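Written below as structure tokens is the structure these notes are about.
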Amino acid sequence: MSVLSEEFLAEVRGMKQRNLAVELLRKLLNGELARRKRRNVVRARSFAEMLERTVRRYANRAVAAAQVIEELIGLARDLREANARGEALGLSDDELAFYDALETNDSAVRVLGDETLREIARELVDTVRNNVTIDWTLRENVRANLRRLVKRVLRKHGYPPDKQEKATRTVLEQAEALSAGWAA
């Protein structure tokens, strides 16, 4: 049974031991986020922040167990919907990961729009995939070359210059997470 299935979530919602249900959901969601972090660093980070905020409020007794359970179930549903987001945008999982890395900059989304960000994400996947080597995270010259190529792609598509450095760091962080799977 999947942590994201409606049947499982309904079963957890019906548990008599509320504290146990909260702890169960927290552990399962943490495991799911750890798994997702290997594919999409930015999304996993944002979901982890939401999970941490909810659990902290519960630990501080700011909300009741029943409310936390509902919030955690909502978070599980959001995780499930995030899977379908790539399909809706017409992006592969790798492209979606880079799209999310670029989308963290609100001004870039406003200026460039979704279509341009999708195009940049596709080009970044090709560029990064074709230029990573097995030891690229250890060799500074390879890393510098990849950083240069990423900046070139961003400039080519008119990504806001004031946000290019942060976007480049985020894209390289995402590339590190994905490249382990590419090398295999």
Side-chain angles (χ1 to χ4, degrees), residues 1-110 114 117-118 121 124-125 128 137-138 163 165-184:
M1 192 179 291
S2 170
V3 65
L4 304 178
S5 73
E6 281 301 319
E7 299 83 27
F8 178 75
L9 296 176
E11 190 176 315
V12 170
R13 181 182 284 130
M15 288 177 73
K16 299 283 188 235
Q17 301 85 4
R18 295 298 197 184
N19 293 340
L20 183 61
V22 169
E23 192 60 26
L24 173 68
L25 279 172
R26 186 190 64 77
K27 284 188 181 220
L28 290 173
L29 288 170
N30 270 332
E32 182 70 17
L33 289 174
R35 186 182 66 75
R36 286 173 186 247
K37 188 171 184 165
R38 289 176 281 202
R39 300 293 308 159
N40 191 327
V41 173
V42 173
R43 276 291 156 207
R45 190 180 301 142
S46 83
F47 280 121
E49 288 168 3
M50 288 187 282
L51 176 62
E52 182 182 328
R53 203 171 25 249
T54 300
V55 170
R56 190 176 328 114
R57 287 184 23 234
Y58 174 67
N60 292 337
R61 304 284 187 236
V63 293
Q67 184 179 351
V68 169
I69 290 170
E70 291 305 316
E71 288 180 25
L72 293 176
I73 287 173
L75 183 60
R77 287 184 178 133
D78 291 346
L79 278 169
R80 186 177 58 224
E81 290 168 7
N83 287 343
R85 191 167 156 262
E87 294 170 20
L89 288 170
L91 298 172
S92 70
D93 288 343
D94 294 347
E95 292 167 346
L96 181 63
F98 284 111
Y99 178 88
D100 288 339
L102 297 170
E103 192 184 42
T104 59
N105 177 1
D106 293 335
S107 65
V109 174
R110 281 192 306 276
D114 278 343
L117 287 178
R118 284 194 292 258
L124 283 173
V125 168
V128 171
T137 58
L138 304 174
K163 304 292 184 176
E165 189 58 40
K166 183 175 189 275
T168 302
R169 282 193 310 270
T170 308
V171 165
L172 289 176
E173 181 183 359
Q174 183 60 62
E176 282 182 36
L178 290 174
S179 66
W182 292 343

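Just so it is clear, the values below take in all heavy atoms, side chains as well, and ignore hydrogens, waters and symmetry mates. The structure presented is a predicted model; accordingly, all values stated were derived computationally and were not measured.
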A side-chain contact here means heavy atoms from C-beta on lying under 4.5 Å apart; do [X] and [Y] qualify?
X: Lys37; Y: Arg45; value: no
X: Glu176; Y: Val41; value: no
X: Leu33; Y: Leu79; value: yes
X: Glu23; Y: Lys27; value: yes
X: Leu91; Y: Phe98; value: no
X: Leu25; Y: Leu9; value: yes
X: Lys163; Y: Thr104; value: no
X: Arg57; Y: Glu71; value: yes

If I take atom [atom1] from residue [X] and atom [atom2] from residue [Y], how far apart are they, to the nearest 0.5 angstrom?
X: Phe47; Y: Leu75; atom1: CZ; atom2: CG; result: 6.5 Å
X: Met50; Y: Arg53; atom1: CE; atom2: CZ; result: 7.0 Å
X: Leu51; Y: Glu32; atom1: CG; atom2: CD; result: 11.5 Å

Checking Glu173 against Arg169 for the salt bridge (charged side-chain N to carboxylate O under 4.0 Å, His left out) test, could you report, in this order, the C-alpha distance in whole Å, the side-chain angles of both residues, the deciding distance, and whether it holds? CA-CA 6 Å; Glu173 181 183 359; Arg169 282 193 310 270; over 6 Å; no
Tell me the closest heavy-atom pair linking [X] and [Y], and the distance in Å.
X: Ala121; Y: Glu95; value: CB-O, 3.4 Å
X: Leu96; Y: Ala82; value: CD2-O, 4.3 Å
X: Arg80; Y: Arg36; value: N-NH2, 4.5 Å
X: Ala175; Y: Val128; value: CB-CG1, 3.6 Å

Candidate pair Asp94 and Arg39, rule side chain to side chain contact (heavy atoms under 4.5 Å, CB included), full reasoning: CA-CA 7 Å; Asp94 294 347; Arg39 300 293 308 159; 2.3 Å; yes
In chain order, what residues pass the side-chain hydrogen bond (donor to acceptor under 3.5 Å, both in side chains) check against Asp114, with sequence neighbours excluded?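 Testing Asp114 for side-chain hydrogen bond (donor to acceptor under 3.5 Å, both in side chains), a comparison that skips the adjacent residues, returns Tyr99.
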What residues form a side-chain hydrogen bond (donor to acceptor under 3.5 Å, both in side chains) with Glu87, not counting sequence neighbours?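 Partners of Glu87 by the side-chain hydrogen bond (donor to acceptor under 3.5 Å, both in side chains) criterion come out as none, since no residue qualifies.
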Whether the side chain of Glu49 engages the backbone of Ser46 through a donor-acceptor N/O pair (distance < 3.5 Å, no angle test) should be reported.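 No; judged by distance alone, with no hydrogens or angles, the pair does not exist.
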Audit row: Leu102, Leu124, side chain to side chain contact (heavy atoms under 4.5 Å, CB included) steps and yes/no: CA-CA 10 Å; Leu102 297 170; Leu124 283 173; 3.9 Å; yes
Applying salt bridge (charged side-chain N to carboxylate O under 4.0 Å, His left out), name anything that partners Arg85, two or more places apart in sequence or on another chain.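 So Arg85 forms a salt bridge (charged side-chain N to carboxylate O under 4.0 Å, His left out) with Asp100, Glu103.
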Begin with the C-alpha distance, continue with both residues' side-chain angles, and end with the deciding distance and a verdict on side chain to side chain contact (heavy atoms under 4.5 Å, CB included) for Phe8 and Leu24. CA-CA 11 Å; Phe8 178 75; Leu24 173 68; 4.0 Å; yes
Working for salt bridge (charged side-chain N to carboxylate O under 4.0 Å, His left out), residues Glu52 and Arg56: CA-CA 6 Å; Glu52 182 182 328; Arg56 190 176 328 114; 2.9 Å; yes
